[in-house]
Amino acid sequence: MNFWLVKQEPSKYNWQQLVEDKETPWDGVRNYQARNNLRAMKKADAVLFYHSVVGKAVMGIAQVAREAYPDPTTTDERWVVVNLRPVKPLKKPVSLESIKCHPDLRNMALIKQSRLSVMPLTEAEFRAILEIGATSFK
DNA sequence: GCCAACGTTGGC
DNA sequence: GCCAACGTTGGC
């Protein structure tokens with residue numbers, strides 16, 4: 001299993017909407033690096049959902065329900081989406097501030113490359129965030 | 001609202 | 001292929 005983090009401004013699409021939708025295509029990615037990460041996602045990979053700009057916190061755990069396929073919101077064949085499904089919310093959202101304070105998370109792409117919207121995590125990073133969020137995950 | 005970081009575009 | 005100009009993202 002691989003570990004990922006996706007981010008979105010909650011005013012555009014947020015964790016609560018994902019919970020209500022049960023499953024959603026992660027569309028609109030228009031950046032090659034992020035696109036390549038989407039392509040590398042495998043079914044059942046774990047994906048943290050981060051709210052950027054407003055909230056600035058990891059809200060919950062999702063999983064890949066469907067691997068990359070062409071983005072239905074464009075005819076441009078360069079772009080792809082995956083489907084995400086909510087797994088569980090974090091007991092406590094993990095703020096950007098607390099991520100920055102954690103010694104094992106200082107090298108996360110979230111911090112080093114703040115504009116990237118889809119990024120891989122190491123398992124250690126994934127586990128550390130769950131620990132801060134007081135949330136278990138098998 | 002500002003600005004740094006970064007990506008894209010287009011002229012040469 | 002280089003680089004200036006411009007646009008976007010996202011933290012502060």
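Excluded from the calculations below are hydrogen atoms, water molecules and symmetry mates; all remaining heavy atoms, backbone and side chain alike, are included. In what follows, chains carry the letters A, B, and so on, assigned in the order in which the sequence lines appear, proteins first and then strands, with residues in each chain numbered from 1.
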Would you indicate what A/Leu116 reaches in the nucleic acid, counting non-hydrogen atoms under 4.0 angstrom: base, sugar-phosphate, or nothing? nothing
Given atom [atom1] of [X] and atom [atom2] of [N], what is their separation to the nearest angstrom?
| X | N | atom1 | atom2 | value |
| --- | --- | --- | --- | --- |
| A/Leu110 | B/dA5 | CG | C1' | 15 Å |
| A/Ile99 | C/dC12 | CD1 | P | 11 Å |
| A/Asp76 | B/dT8 | CG | P | 12 Å |
| A/Leu96 | C/dG10 | CG | P | 12 Å |
| A/Met119 | C/dG10 | CE | C1' | 11 Å |
| A/Gln33 | C/dT8 | CD | P | 20 Å |
| A/Asn31 | C/dT9 | CG | P | 10 Å |
| A/Arg115 | C/dT8 | CZ | P | 10 Å |

Under 30°, 30 to 60°, or over 60°: which ring-plane class applies to A/Trp79 and A/Tyr32, parallel, tilted or perpendicular? tilted
Closest to the [X] side chain, choosing from [options]:
| X | options | answer |
| --- | --- | --- |
| A/Lys100 | B/dA5, C/dG10, C/dC12 | C/dC12 |
| A/Tyr50 | B/dG7, C/dG11, C/dG10 | C/dG11 |
| A/Tyr32 | C/dG11, C/dT8, B/dT8 | B/dT8 |

Given A/Trp26, which partner from the list A/Tyr69, A/Phe49, A/Trp4 fulfils the ring-ring contact (aromatic ring centres under 6.0 Å, His included) test? A/Phe49
Might you confirm whether atom CD of A/Glu131 has over 12 heavy atoms from other residues, nucleotides or ligands at distances under 6.0 Å? no
Report whether A/Leu105 and A/Leu130 are members of the same hydrophobic cluster (ILVMFWY, side-chain heavy atoms less than 4.5 Å apart, transitive linking). yes
I want to check one thing: is the phosphate of C/dG10, taken as OP1 and OP2, less than 4.0 Å away from some side-chain N or O of A/Lys7? yes
